[in-house]
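Structure first, commentary second.
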There are 2 protein chains.
Amino acid sequence: MSWKRREREARGYHHGNLREALIQAARELIKEKGPAGFTFADAARSAGVSAAAPYRHFRDREALLADVAREGFQRFEAMLSTGWANGKPDALTAFNNVGKAYLAFARVEPAYYAAMFESGLPPDLNADLRAAADRAFGVLRTAADALVALLPAGKRPPALMMSLHVWAMAHGIASLFGRGDAGRRALPMTAEELLESQMLIYLQGLGFPQKA
Amino acid sequence: MSWKRREREARGYHHGNLREALIQAARELIKEKGPAGFTFADAARSAGVSAAAPYRHFRDREALLADVAREGFQRFEAMLSTGWANGKPDALTAFNNVGKAYLAFARVEPAYYAAMFESGLPPDLNADLRAAADRAFGVLRTAADALVALLPAGKRPPALMMSLHVWAMAHGIASLFGRGDAGRRALPMTAEELLESQMLIYLQGLGFPQKA
DNA sequence: GCTTTAATGTAAACTCCCTTAACATGAGTT
DNA sequence: AACTCATGTTAAGGGAGTTTACATTAAAGC
């Protein structure tokens, strides 16, 4: 009967890739009940192994969460990079696409997003996690650098500040309005529209010309 | 010995105001270990009562958290209102003061803030909670209305949109950079400076004149 | 005073989680 | 074919949280 049994028979004694399976399980559980809504044992159960098995791969629950977050930052970076597309077709458009990619990630991968930003993990729990987060932010930073370069020399804001502003805007909107059912406050506009209009106003404030 | 015992002797069998005491205890615990970092029993222990006592006042842990959040929204509203000060000395200044008040609240009352925005509570778990949150947002909305009215009739953005933008900016910054040791990413500027500059740029983008 | 009622306390049953130790399996190596 | 290491499993101890049932105290009303 039970799936687990059949899976087990199919897979034999060894799972094959328990580490990844645990991360997957954690993602599922986070999506359902939040980063605090599951235990180490739950993850093991979901992956179809005994409660002791996870200890072969993660020191504790926090280490598992940290790996979910790290993996999340990697995919996040990839998604933002795709949005940026090396500044094509033009920096302004590409910059907006980064914003869209940000929201898309939060919406499509709420579990990763929660592990990354809402799990209460110390940002520098380990060097890998920190590095992954920094690389993701680096995409914003690169984009801001390119955009700033479009302005006349005397009117350039600090690119770091600008990238922090954009991060805060995107995170604020994603966090408050951006998840399917989490922060579901009824709104007359979508999170995407909200961010797009906000970025437009912000960039206009910096002196960027509006596209036709 | 132990405090608890002396307190107990002092207060007698009845606590007197256990409900509030539990909310206080929850705030302490949230401040220390996050909204997920304590149990119902912990709260009882902190308040110096038995593990069963809280059930007389809250159905479960979530109900307790919801009350912390509700109380938080009330104080939040009060703090934002004070910042707004009925639009004095002038709407633009007052609007910036609302932003400062927002960050100040997140910094001074991290426990309330976490319960309100990072506890994973459904925003409309109960009508009271929802109403308190709406009233707090109402302050932003009121301020945005007043500001928008300063612009010439043809250039007025929707005040609701504007208030959502501001909320997102403030929340984004508070959430990412605004708590003493939580999201501690080393930055060359304070959260306050970051929000102030961001609002300045944003308002400039809307066509507000810069103050001298 | 006596009774009633609300507010806690205590105790105990139940469940679940964490963690480690000891043993089992199996895949690749020699 | 035997060896070995990584990976899982069982089993067991120790804690802790939840929840209910029942006892106790304080305060208020008759």
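Throughout, protein chains are lettered first and strands after them, A, B, ... in sequence-line order, and every chain is numbered starting at 1. Below, all heavy atoms of this structure are taken into account, side chains as well, without hydrogens, waters or symmetry copies.
- At a threshold of 4.5 Å between non-hydrogen side-chain atoms, the residues Q24(A) and E28(A) do not count as touching.
- Looking only at side-chain heavy atoms (C-beta outward), Y113(B) and Y102(B) come within less than 4.5 Å of each other.
- Pairs of residues two or more places apart, or lying in two chains, that qualify as salt bridge (Lys or Arg N to Asp or Glu O under 4.0 Å) and include a residue from residues 191-205 of chain B are R107(B)-E192(B).
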5' to 3', nucleotides 11-16 of chain C under a 4.0 Å protein heavy-atom cut-off (B base, S sugar-phosphate only, - none) gives ------

Report, one line per pair, each donor and acceptor closer than 3.5 Å where one atom sits in a side chain of residues 65-72 of chain B; sequence neighbours left out.
unit_1	atom_1	unit_2	atom_2	d
D67(B)	OD2	R19(B)	NH2	2.9
D67(B)	OD2	R70(B)	NH2	3.1
R70(B)	NH1	Q74(B)	OE1	2.8
E71(B)	OE2	Y112(B)	OH	2.7

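- Scanning all heavy atoms of the two residues, the minimum distance from A191(A) to G178(A) falls at CB-CA, 4.2 Å.
- Minimum interatomic distance between A114(B) and I30(B) (heavy atoms only, all atoms of both residues): CB-CG2, 3.9 Å.
- The minimum heavy-atom distance between I201(A) and Y202(B), with the atom names listed, is CG2-O, 3.1 Å.
- Following rounding to the nearest Å, F40(A) (CZ) and dC17(C) (P) show an atom-to-atom distance of 13 Å.
- Residues of residues 21-38 of chain A having a heavy atom closer than 4.0 Å to DNA chain D: none are found.
- Against DNA chain C, the stretch residues 55-70 of chain B makes heavy-atom approaches under 4.0 Å through R56(B), H57(B).
- The list of salt bridge (Lys or Arg N to Asp or Glu O under 4.0 Å) pairs with a residue in residues 109-123 of chain B, not counting sequence neighbours, reads R27(B)-E109(B), E118(B)-R179(B).
- Taking the six-membered ring where the residue is Trp, H171(A) and H171(B) present parallel rings, their angle staying beneath 30° rather than reaching 60°.
- Residues I173(A) and L194(A) approach most closely at CD1-C, 3.8 Å, considering heavy atoms.
- Put simply, CZ on R19(B) is 11 Å from P on dT8(C), counting in whole angstrom units.
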